[in-house]
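As a basis for the values below, the full set of heavy atoms in this structure was taken, side chains included, without hydrogen atoms, waters or symmetry mates.
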Amino acid sequence: MIEFRLNGNAVTADVPGDTPLLWVVRDHFKLKGSKFGCGMALCGACTVQLDGAAIRACVTPLSAVAGKSVRTIEGLGTPENPHPLQKLWAEHSVPQCGYCQSGQIMQAEALLASNPDPNDADIDAAMSGNICRCGAYTRIRAAIRAAAKQRRGA
């Protein structure tokens, strides 16, 4: 049994410690926002946050999150009360197919939490491990810049 916090709630998972976090989140806790893309931490579709840092859930064993805090896209905002970054994502027409978007948003939120005023090079470096098959990279960058500006109150 492994105990951790999931989207602010104390949870216990009775699965082997080497089970990838992605499958625990999706199959055990039924949170389907984080997606399986490559299974090798190369595409970013499975990105969640562990104690505020963006990680790839497809290669993170459940044992690595014991006693820590995991946040998925479901813990960021809701359809009724979206996170400001989610609102800006929509305003900038970022989503197309949508498959990568939860990972993109979780990566962007981790970036903004650690760097409230990123320049384009910072954004590109932080987001480089998140692949968007639709090629919405310029809109992703614009949404992140807008979110940073909004957070600064500028």
Show the numbers, then the answer: is there a side chain to side chain contact (heavy atoms under 4.5 Å, CB included) between Ile144 and Arg139?
-> CA-CA 9 Å; Ile144 294 170; Arg139 290 190 300 275; over 6 Å; no
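- Without hydrogens or angle criteria, Asn130 side chain to Gly103 main chain gives a donor-acceptor distance under 3.5 Å.
- Scored by the salt bridge (charged side-chain N to carboxylate O under 4.0 Å, His left out) test, Asp117 finds Arg152 as partners (sequence neighbours excluded).
- Both Leu50 and Val24 are part of a single hydrophobic cluster, where members link through side-chain heavy atoms under 4.5 Å apart.
- For Arg26 and Phe36, the positive end is not near the middle of the six-membered ring at less than 6.0 Å and at most 45° from its axis.
- Between the OG1 atom of Thr72 and the CG atom of Leu6 there is a distance of 5.5 Å, given to the nearest 0.5 Å.
- Of all heavy-atom pairs spanning Leu31 and Glu74, the tightest one is C-OE2, 3.5 Å.
- Under the 3.5 Å distance criterion, the side-chain polar atoms of Asp51 are matched with a main-chain donor or acceptor of Ser69.
- Closest approach of Cys58 and Cys46 over heavy atoms only: N-SG, 3.3 Å.
- Within the structure, every pair that satisfies the side-chain hydrogen bond (donor to acceptor under 3.5 Å, both in side chains) test and touches residues 87-97, not counting sequence neighbours, is listed here: Trp89-Gln101.
- Here the side chain of Glu3 pairs no donor or acceptor atom with the backbone of Ala10 at under 3.5 angstrom.
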Do Ile2 and Ser63 pass the side chain to side chain contact (heavy atoms under 4.5 Å, CB included) test, and can you show the C-alpha distance, the side-chain angles, and the key distance before you say yes or no?
-> CA-CA 7 Å; Ile2 296 176; Ser63 61; 4.3 Å; yes
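- Distance SG/Cys43 to CZ/Arg133: 7.0 Å, rounded to 0.5 Å.
- Across every non-hydrogen atom of Cys132 and Ala136, the tightest pair is SG-N, 3.4 Å.
- For the pair Ser102 and Ala45, the tightest heavy-atom approach, listed with the atom from each and the gap, is OG-O, 3.9 Å.
- Rounding to the nearest 0.5 angstrom, the gap separating the CE atom in Met106 from the CG atom in Leu111 is 13.0 Å.
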I would like to know whether Val48 and Val25 meet side chain to side chain contact (heavy atoms under 4.5 Å, CB included); could you show each step before the answer?
-> CA-CA 10 Å; Val48 299; Val25 167; 5.6 Å; no
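- The minimum heavy-atom distance linking Ser34 with Ile73 is given by the pair N-CG2, 4.5 Å.
- The shortest distance between side-chain heavy atoms of Val11 and His28 does not fall below 4.5 Å.
- The CG atom of Asp122 lies 12.0 Å from the CZ atom of Arg145; values are rounded to the nearest 0.5 Å.
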Dump the intermediate steps for side chain to side chain contact (heavy atoms under 4.5 Å, CB included) on Gln86 and Glu109, then the final yes or no.
-> CA-CA 10 Å; Gln86 291 170 312; Glu109 172 58 23; over 6 Å; no
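- Contact between Leu85 and Ala143 at its shortest, heavy atoms only, is CD1-O, 4.4 Å.
- Side-chain heavy atoms closer than 4.5 Å link hydrophobic residues (I, L, V, M, F, W, Y) into clusters, and following such links, possibly through other members, connects Val94 to Met127.
- The structure places CG of Leu22 at 10.0 Å from OG1 of Thr47, a figure rounded to the nearest 0.5 Å.
- A continuous path of ILVMFWY side-chain contacts below 4.5 Å connects Ile140 to Leu76, so both sit in one hydrophobic cluster.
- Between the side chain of Gln107 and the main chain of Ala54, no donor-acceptor pair closer than 3.5 Å is present.
- Distance check: Leu88 CG to Lys149 NZ gives 11.0 Å after rounding to the nearest 0.5 Å.
- Phe29 and Ile55 fall within the same hydrophobic cluster, defined by Ile, Leu, Val, Met, Phe, Trp and Tyr side-chain heavy atoms under 4.5 Å apart, directly or through other members.
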